[in-house]
Amino acid sequence: MAERLLTTSKAISEAIAQEMKRDDSVFVMGEDVGAYGGIFGATEGLLDQFGPERIMDMPISEMGFIGAAVGAATEGMRPIAELMFVDFFGAAMDQIYNHMAKIHYMSGGHVNVPMVLMTAIGGSYSDAAQHSQCLYGLFAHVPGIKVVVPSTPYDAKGLMTQAIRDDNPVMFFFHKGVMGLGWMTPNPRATGPVPEEPYTVPFGQAAVRREGSDLTILTLSLMAHRSLDAAEKLAEEGINAEVIDLRTLVPLDREAIVESVKKTHRVMIVDEDYKSFGMSGELAAIVAEDALDYLDAAPKRLAVPDVPIPYSRPMEQYVIPSVDRIAAAAKELVAE
Amino acid sequence: MAERLLTTSKAISEAIAQEMKRDDSVFVMGEDVGAYGGIFGATEGLLDQFGPERIMDMPISEMGFIGAAVGAATEGMRPIAELMFVDFFGAAMDQIYNHMAKIHYMSGGHVNVPMVLMTAIGGSYSDAAQHSQCLYGLFAHVPGIKVVVPSTPYDAKGLMTQAIRDDNPVMFFFHKGVMGLGWMTPNPRATGPVPEEPYTVPFGQAAVRREGSDLTILTLSLMAHRSLDAAEKLAEEGINAEVIDLRTLVPLDREAIVESVKKTHRVMIVDEDYKSFGMSGELAAIVAEDALDYLDAAPKRLAVPDVPIPYSRPMEQYVIPSVDRIAAAAKELVAE
Amino acid sequence: MALNRDELLDLYRMMVKIRTFEERVGEMYYEDKLPAFDIAAGPIPGEMHLYSGQEAVAAGVCAHLRPDDPVTSTHRPHGHLIAKGEDLKPLMAEIFGKKTGLCEGKGGHMHLFDPNLHFGCGGIVGGGIPHAVGAALAIKKRGEDRVAVSFFGEGAANIGAFHESLNLAAVLHLPVVFVVEDNLYAISVPKSVSTAVRSNAERGAAYGIPGVQVDGQDVIAVYEAAQEAVGRARRGEGPSIIEAVCYRYRGHFEGDAEGYLKPGEKESWKEKDPIHILGAQLQGQGWLSEDEVAEIQGEMTALVGEAERFARESPYPAPEEALEGVFA
Amino acid sequence: MALNRDELLDLYRMMVKIRTFEERVGEMYYEDKLPAFDIAAGPIPGEMHLYSGQEAVAAGVCAHLRPDDPVTSTHRPHGHLIAKGEDLKPLMAEIFGKKTGLCEGKGGHMHLFDPNLHFGCGGIVGGGIPHAVGAALAIKKRGEDRVAVSFFGEGAANIGAFHESLNLAAVLHLPVVFVVEDNLYAISVPKSVSTAVRSNAERGAAYGIPGVQVDGQDVIAVYEAAQEAVGRARRGEGPSIIEAVCYRYRGHFEGDAEGYLKPGEKESWKEKDPIHILGAQLQGQGWLSEDEVAEIQGEMTALVGEAERFARESPYPAPEEALEGVFA
Ligand SMILES: Cc1ncc(C[n+]2csc(CCOP(=O)(O)OP(=O)(O)O)c2C)c(N)n1
Ligand SMILES: Cc1ncc(C[n+]2csc(CCOP(=O)(O)OP(=O)(O)O)c2C)c(N)n1
Ligand SMILES: [Mg+2]
Ligand SMILES: [Mg+2]
């Protein structure tokens, strides 16, 4: 039988639907998650299946409804809240990091906050400074939140299922460019085989998307797609890149990172988040800590160069790592 | 003539007072900045000098009044807003990072946002998970904010004066433990010589607080004090630590960091912020990027081990780097 | 105080100007995006929220404003900025992402700033409301008679920044007018799903601020409510809130399938079109002929055409300019 | 419906219990901190916000609550938690930072959680309000007759989370009661500086929620207002807001120099002490003798003493426990 192909957005909504059927305590809250189906389709079709009591459109009040999700979770429900764009986190951050993230710890482990906060990330379509960010590094910095950043439809379904079943707060970051939306720039990697039955993908296990021997590319989300495309180009020039998709930042698969670098002796981090004080620094630090003696060249970081995302296409394309720039940087690294 | 000694908190309030006299457009907004003088004394005495029109107590509405500071700044005022504890940033983060930080860039450079957002950081006095954080790494991650973290009274005055005169948004992080408050654990380094006349300390210049040859300690704020105390202990055992106080994270004095590490060949980062995806990772990455071949040992990071700050004293003391732990870690590093 | 012919014609012309601009942007938006719609493609990429249908609000309010009166707007800002007096060329060029744009291509359609007109906006719902309060604070501190105005949608009235801003404006007695454009929806979510109160004007009472709800299709009604509120602020008598009930013709953003609308809903609103309403009134008074209607439309089409040409012919910024301008 | 003797005595006893607990904590707080006050020292380190003076609010409201009714509180939480029925021992042990504490020493005085009593609190102003709304949502979803209550100060009514929470509770018609304790100040900032409205109860109208302001010194008034509001919620008739005007005796936190008070202010409030008021009423009815007063006080002193002993004798957590429990 032919494999069933789904887009990432359908994979996510399927995971949510299956878990909602399995568990009455799961429900969805967010802006435009109902009739609209979620601006990025993560809840498409769910209103028809489950009705407005379980697929709840919210007033524009992220602090209020994400805080309400926290309160419902501590009462034993398993809410899935959608923050439409991660860029809006500032309107809700107190609930996200002072409450959602900390209540379990502050309670001495006596209270659980089993909820999922899903949110859209990423740029490359001229949505400018307030609608194009990634910011997963910021959430990975504050303790108490599991940080999940899928790149494939298969992972998206399995990681979402895992997230819903997890007894902890999980932030689930889907990149608009990996969702397979009809109105985004087409991305063949955004559609892929997804089993129909429910399954989980465990947190904390990176995926080696491509084996290689000349350098390790550490990345995730849309940048995993671009890194794979770059790796194909590099292969034509005889450079063999290993591409590691981290999949989750918290927990982080430190072992996979270190092992790969010990094998290839060169590492490049490709990140769509801001460069400084974020993911790329952390990964480079880990490599320096655990594989210093194996490095034949300094770790290289390719990320947004600490500027807000500009609107105009040429500028935006200049700051977000592209396939060409990834390939060029990899060549430089290998030549060092 | 004997040097004039001030506490850090007096140094800050003096800088504000002098700039307010110099420039009518400077004013202060915050909770309890008036009659109370600021919970950490940063505005002590200012109400008497300048009256409630310029030292404005605010309702508890951080999004509102920090956003109002942004609006006043774009109209040419130079507000100083106080966020009482950095831990409350989540109540105002949208204004801080989507507006204060980005308006200048988004406007194509046509609009300035000359304001200071000052805030208290740090723990070690059992104020637990929601009142003890540092989080400067998080603000250094998002572009558009200058990040100033003084450790001495002299620097506090000069950096505050610089911050007020700067045409950009500046976040000024004062650690409660470096303020010299009568009700905090006494800290002799929190009192020091401060010239009476106004002066500035430039951003982006680290201070070598102690020269040394065996390892470099990169740090700031209260951890600079503890690192210096640790360095004295280490000196007794013949270990010579160089202690670099970064003073500002944005801009960052990359050169000073790299130069010192090239000299000592060993680096330890001492940070009171959470360990992962923050300052300690960034600094280790920079060292790996720019001084890889000079390293005789892997960079070492001492920071809060990715847990919320626990209340109970033994646990809190365990997670925030202490003089003893800094010294012990340094010894380990030198032995490697 | 009845409006005279010139005043009414100014309002009419402004509404036509906005409508013409928005409809042309709406057309150009689809260039090179079809047949397989790609939001990133074409001369105008990214999200696009147009103001068609709501012109009476911007025109009626901004008629009372001077260039130096601060205005903050939203993700749907073109109408407010045009009514505030913006030149269409740099505005259009910014929407095209060109170097000659208001923000040199860095801001884009949702992030338009003009310090000369004291105008700012942004893509975060509720984000501009505190800025207007802060601008009003600056005005009060300097003892000026300027007035700050914040436009935002009925959806934004449910966010915390609204509450904090109104409270702060009230307790500090600031010269600011809050204008809620109730266009019935926040994206797909109708007002009835997002709040249990009928009118956000009533919320003024929670802060000690006078509030009034007006018909946002009727530019004269908006004009009069704004006259009172702006006048109050200019005289130092404190803040006000106006809610104008209106309707957006083009969906939340371009590409919105509008599956959430009731059948016939949009059509029935189009029958109450603000431009037609005022046009009919003017024609009834004998103050506007068919020829003049065509002439005004022609003039606005030409202005928008010029702006379009300017935008198309302008160069893009160099890619490396992205690295400049984070700090002053 | 007049309260009977037992009900009144229960209220009285609860208020004395809270007062006794708070005053003892207030004494112990200074142990080993003086003469040069060091906030980090002593058996009870850190900030300490005590509830003395406001007991009528917690007692009057919680009298209507069952153990399974969710309650969210603030940085000043002891009174609410005691009124909710907490055992003083684990509460005191938590304040001491001991392993036997409610939160095993991780939470501390401002972060007390008891899932058995469905109680939570926190140090962020306004932070608990949305949690009560969410708990009420969980209750409604399950079709239960539980009621969620959120206590917070008058200062918190100015923060966005208040607005968003009340709006959400109203539009979803949730079983939740918002209790504003107006103790006149937010730290040093008086209500008149932080808002232009007299009563936060009036703000209910902005959401379509009934609101009432009561004398928070009069436990019977609080009890009656809460009876109505809790009853309404339990019957599925939606949310309410109560503002209780009260006073804190010990300053915002221990160590507060209270330079912002008016002369004689505190003394005049102490004349309206809630425990004395009810005590006098009970004595007037012949329902409480001097001996009984002393007996109740003795009982509560003994209970608090036991809790103190328990806390003092309990071990601290091991330092390494800090590393556990970030995730379930
Ligand atoms: C804080 C925040 N939440 C959500 C969004 C996404 N969003 C953009 S516009 C919009 C609807 C706004 O509705 P309204 O305020 O009524 O303005 P309208 O679009 O109707 O003009 C939403 C939810 C946002 N930009 N910012
Ligand atoms: C979001 C936030 N802002 C500021 C503070 C600092 N703070 C703690 S308590 C308090 C005053 C609270 O006043 P109110 O709500 O009236 O409660 P009360 O202390 O009077 O009981 C303030 C400003 C905080 N904890 N959280
Ligand atoms: Mg709307
Ligand atoms: Mg109060």
- Task: May I ask you to name which of D:Gly108, D:Gly101, D:Ala318 has the most heavy-atom pairs under 4.5 Å with chain B?
- Result: D:Gly108
- With a 4.0 Å cut-off, would you call D:Arg312 and D:Glu308 a salt bridge? yes
- Item | Positions in residues 37-57 of chain B that reach chain D, provided some heavy atom is under 4.5 Å away | B:Ile39, B:Asp57
- Which atom pair, heavy atoms only, marks the closest approach of B:Pro59 to B:Phe65? O-CD2, 3.8 Å
- Message: Using the ring centroid of each side chain, check whether D:Tyr207 and D:His163 are separated by less than 6.0 Å.
- Response: yes
- Contacts of type ring-ring contact (aromatic ring centres under 6.0 Å, His included), residue D:Phe151, not counting sequence neighbours: D:His80
- Among the options D:Val326, D:Ile187, D:Asp256, pick out the one with the most heavy-atom pairs lying under 4.5 Å from chain B. D:Ile187
- Tell me, side chain or backbone of B:Met184 under 4.5 Å from chain D's heavy atoms, or both, or neither? both
- Query: Side chain, backbone, both or neither: which part of D:Ala157 has an atom under 4.5 Å from a heavy atom of chain B?
  - Reply: neither
- Most heavy-atom pairs under 4.5 angstrom with chain D, which of B:Phe88, B:Phe85, B:Tyr36? B:Tyr36
- chain B contact via D:Glu320 - side chain, backbone, both or neither, heavy atoms under 4.5 Å: both
- Are B:Tyr97 and B:Phe139 close enough that their ring centres sit under 6.0 Å apart? no
- Task: For residues D:Asp38 and B:Trp183, determine if any side-chain heavy atom of one lies less than 4.5 Å from a side-chain heavy atom of the other.
- Result: no
- Query: Does the side chain of B:Gln317 come within less than 4.5 Å of B:Ser322's, by heavy atoms?
  - Reply: no
- Message: Taking the ring of D:His75 and the ring of D:His111, is the distance between their centroids below 6.0 Å?
- Response: no
- Note on the structure: Scanning both residues in full, the closest heavy-atom pair of D:Thr72 with D:Ala132 reads CG2-N, 3.7 Å
- Task: Nearest 0.5 Å please: distance from the CZ atom of D:Phe152 over to the CD1 atom of D:Ile129.
- Result: 4.0 Å
- Note on the structure: Most contact-rich option vs chain B, by heavy-atom pairs under 4.5 angstrom, among D:Gly155, D:Ala36, D:Gly126, is D:Gly155
- Against chain B, label D:Tyr185 side chain, backbone, both or neither, depending on which of its atoms sit under 4.5 Å from a heavy atom there. neither
- Message: Using heavy-atom distances under 4.5 Å, tell me whether B:Ser124 contacts chain D through its side chain, its backbone, both, or neither.
- Response: backbone
- Task: Against chain D, work out which of B:Asp87, B:Val319, B:Leu181, B:Thr185 has the most heavy-atom pairs shorter than 4.5 Å and name it.
- Result: B:Thr185
- Close aromatic pair by centroid cut-off 6.0 Å: D:His78 and D:Phe21: yes
- Item | Residue D:Val125 versus chain B: region with a heavy atom under 4.5 Å | side chain
